[in-house]
Amino acid sequence: MKKIISWRYPARLTFFRMDDRLLLISIGVIVGLSSGLAAIGLNRSLVFMLEGLHHLRHQWWAFLLPAAGAMASALFLDKIMKEGAGHGVPEVIYSVSRYGGLLRFRSSFSRLISSCLTIGSGGSAGPEAPVVMSGAAIGSTIARFFNLNDRQRTTLVGCGAAGAIAGIFNAPLTGIIFTMEIILGEWSMVNIIPIAVASVAGAEVSRLLQGNSIAFESSGFHITGVDLFASLGLAVVAAFASILLTRSLRRMHGVSAKVRVPLWVRAAIGGCAVGLLGYVVPEVLGEGYHSIHAMIQGVFKGGIGIAALAFFAKILATSLTLGWGGSGGVFAPCLVIGSFAGLAFHRLLVFGFPSAMLVNEGCFALLGMAGLISGILQAPLTGIFLILEITGSYEVMLPLIIVSAISTTITHYFEPASFYHKDLKERGELLRPGTDSRVLADISIREVLERDCISVSPHMLLRDFLYLLKQSTRNYFPVEDDDTGQFLGMIELKHVRPYLFNAVMYDTVFVEQIMDSNPATVHYEDNLSDVLETMDARRCFSMPVVSNNRFMGMVSKATLLDKYRDELNVQTSQAF
C-alpha cells in the first residue's frame with residue numbers, strides 16, 4: 001500500500017529529485033501517447049460518420065443533417081456536459097494563464113464527441129482545436145493524479161496539446177511550435193524538452209496506427225523569382241481573408257446571441273443554413289480536406305469564379321456553424337479558405353499575365369493555407385511548419401516564409417490580437433508568463449498589506465498629532481471614529497506641513513479639520529494593476545485598504561515592488 005501511494009507522488013522519489021525534467025519527460029510520454037490516441041479516436045469517428053451519412057447526402061432533406069448534428073452537439077454540451085459551445089482553445093489558454101492549467105476531466109472527451117457530431121453531419125468546422133482541448137485536459141488530469149504542482153501541471157497541459165496536434169496532423173514539429181507559440185506563450189527550455197517528447201509520442205502513436213503518411217502530399221514545385229514576387233500579393237490577400245474570417249465569426253456570434261431561443265435551437269438554425277448553402281457549394285460541408293487534396297494536386301475543377309464563390313461560401317458556412325452554437329475549430333476551415341484564396345489568386349494572375357512563368361497552382365493553394373493560418377492565429381512559425389509537415393513541400397520554404405510573415409504583420413495591424421486571444425484580451429484575462437499583468441495577477445492585496453499603521457482620532461489636537469508624528473516612521477495615518485472604529489479619512493504629512501511652523505495653530509486645529517475625508521481606497525478583491533493605475537493617476541505612493549468601512553492597512557509602491565521582484569523571479573525561474 002505504501003508503495004502504491006509513493007507512485008502517486010513521483011516528485012518525492014529520489015530518482016526524480018535529481019532532475020525534475022526527468023519526471024516531466026517520463027509523464028509527458030504518457031500524456032503524448034494518450035493525446036495521440038484521442039486524436040486518432042476523433043479522426044476515426046469522423047470518417048465513420050462521414051461514410052455512414054454519405055448515402056443520405058443526395059436526399060432532398062439532406063440540408064437537415066448539419067442542423068441535426070449541430071443541435072445534438074449543443075444539447076450534449078449544454079445539458080449533459082454543462083459546458084459552453086466553441087472550440088476550447090481559449091479555455092485552455094485561460095486555464096494556463098490563471099489556474100496553472102487546471103482543466104476538468106470531462107473536457108478530455110466532451111469536445112471530441114460534440115465536434116464529431118457537428119463536423120460528421122456536415123458542419124463547417126475542424127477537429128484540431130477540440131482535440132487540443134482534449135489533449136490539454138488529459139495532461140491536466142494526469143498531473144492531478146500524480147499530485148504535481150501548478151508549474152508542472154502547466155507543462156503537462158502543453159504536452160497534451162502538442163501530442164494532440166502531432167497526432168492528428170502527423171506533425172511533431174508543429175505540435176511543439178503551436179504549443180509554445182499559442183498555448184503557453186513562452187519559449188522556455190524547461191518546457192520545450194518534455195513537450196517535444198510528448199509531441200514525438202503523439203506522432204509515433206499516429207504513425208503506428210494510421211501509417212506514416214503525409215496529409216496533403218504534393219508532386220513537387222519549382223520556385224522561381226517570379227513566384228517569390230507573386231507571393232507578396234498572395235500574402236496581402238491572405239491577410240485580408242484572415243481579417244474577414246475573424247470578423248465574420250465574431251459578428252455571427254453577436255447576431256446569434258441576440259436571438260432569444262435556446263442554444264440547441266440556434267445551433268439547428270445555423271446548421272440548417274449551412275446545409276442549404278451546401279446545395280449550391282458542396283465544398284463548404286464538413287472539414288473540406290477533399291477540396292484541399294484536389295487543389296494541391298492541381299486538379300480542382302472550376303474557374304476563378306467557382307474558387308472565389310467557394311472562398312466566400314466557406315467563410316459564411318464556418319461563421320454559421322461556429323457562430324450559432326456548433327462545436328469545432330477553425331484550423332481546417334482556415335486551410336480550406338486559404339487554399340481557395342491561393343487558387344483564385346493564381347488563376348487571376350494567369351488570366352491577367354498569361355506569359356508569366358508561374359509555378360503550378362497547387363503551390364499557391366499551399367501558400368494560401370499558410371497565409372490564413374498565420375494570419376488568423378498570428379503565429380507565423382505555426383503556419384510555416386504546419387504546411388511544411390502536412391504537405392512535405394520543403395522546396396517552397398522561401399515563399400512560405402514571405403506569405404506567413406507578411407500575412408501575420410498585416411493582420412496584426414488591423415486585429416491586434418489573434419482569434420484565440422481576442423476575447424481573453426478584451427476581458428483582461430490573457431496573462432502571459434513574465435508579463436507585468438501576469439506577475440501582478442499572482443499577487444494579492446493581502447500579501448502586500450502593511451499593518452503597522454497608527455490610527456488617530458478625528459478630535460486629536462495638532463500638537464498631539466505632531467508629537468505622534470515624531471515617534472513614527474510613517475507618512476500616512478488613518479483617522480477612525482472613536483466610538484464605532486469606522487474609517488473616516490487619511491491624514492498625510494503633506495497635510496500637516498503648512499502648520500508646522502505656526503505654533504499658534506497647534507492648540508486650535510484638530511485632525512478632522514486637515515484630514516482628507518475622501519481618499520481613494522483599496523479593497524481586498526481589487527486588481528493590483530488597477531491599484532497601481534490609480535496611484536499613478538493621483539500621484540500617491542500609498543493607499544488605504546478598507547473593508548466594511550474599517551481600515552485594514554496600507555498598500556504602498558515600495559512594498560509592492562519588493563513582492564513584484566520576488567514573484568517575477570519565481571515565474572521566470574529555470575528550476576521547477
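Scope of the values below: all heavy atoms of this structure, side chains included, with no hydrogens, waters or symmetry mates.
Annotation: Phe48, atom CZ; neighbour count of heavy atoms from other residues, nucleotides and ligands within 6.0 Å does not exceed 12. Atom OH of Tyr413 is surrounded by 12 or fewer heavy atoms from other residues, nucleotides or ligands within 6.0 Å. Atom CZ of Arg106 is surrounded by more than 12 heavy atoms from other residues, nucleotides or ligands within 6.0 Å. Within a 6.0 Å radius of CZ in Arg565, no more than 12 heavy atoms belonging to other residues, nucleotides or ligands are found.
For the residue pair Ser107 / Arg111, no side-chain donor-acceptor distance below 3.5 Å is found, with atom types taken as modelled. Counting only N and O atoms by type, the side chains of Thr246 and Glu415 include no donor and acceptor under 3.5 Å apart. For the residue pair Thr174 and Glu389, a side-chain donor N or O sits within less than 3.5 Å of a side-chain acceptor on the partner. A donor-acceptor contact closer than 3.5 angstrom links the side chains of His421 and Ser418. Side chains of Asn191 and Thr155: a donor on one and an acceptor on the other come within 3.5 Å. With no hydrogens or angles considered, no side-chain donor-acceptor pair links Ser115 and Ser327 at under 3.5 Å.
A search for side chain to side chain donor-acceptor pair (under 3.5 Å) contacts involving His293 returns nothing, not counting sequence neighbours. In this view, Phe105 and Phe109 satisfy the ring-ring contact (aromatic ring centres under 6.0 Å, His included) rule, not counting sequence neighbours. Residues passing the side chain to side chain donor-acceptor pair (under 3.5 Å) test with Ser121, sequence neighbours excluded: none.
With Lys314 contributing its side chain and Ile337 its backbone, the two residues share no donor-acceptor pair below 3.5 Å. Under the 3.5 Å distance criterion, the side-chain polar atoms of Arg144 are matched with a main-chain donor or acceptor of Leu103. Glu447 places a side-chain N or O within donor-acceptor distance of the main-chain N or O of Ser444, the cut-off being under 3.5 Å.
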### Query
Between Arg250 and Lys422, is a side chain to side chain contact (heavy atoms under 4.5 Å, CB included) present by the stated rule, with each step listed?
CA-CA 10 Å; Arg250 289 173 59 81; Lys422 195 172 181 66; 3.4 Å; yes
#### Entry: Stepwise side chain to side chain contact (heavy atoms under 4.5 Å, CB included) test for Leu46 and Leu42
CA-CA 6 Å; Leu46 279 177; Leu42 177 58; 4.3 Å; yes
### Task
Mind running side chain to side chain contact (heavy atoms under 4.5 Å, CB included) on Leu335 and Tyr289 for me, showing each step along the way?
CA-CA 8 Å; Leu335 294 178; Tyr289 285 165; 4.3 Å; yes
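Annotation: Phe178 is not in aromatic contact with Phe385 [ring centroid separation under 6.0 Å not met].
Residues Lys563 and Asp566 are not paired through a salt bridge, judged by the lack of any N-O separation under 4.0 Å between the basic side chain and the carboxylate.
Rounding to the nearest 0.5 angstrom, the gap separating the CG atom in Leu367 from the CG atom in Leu372 is 12.0 Å.
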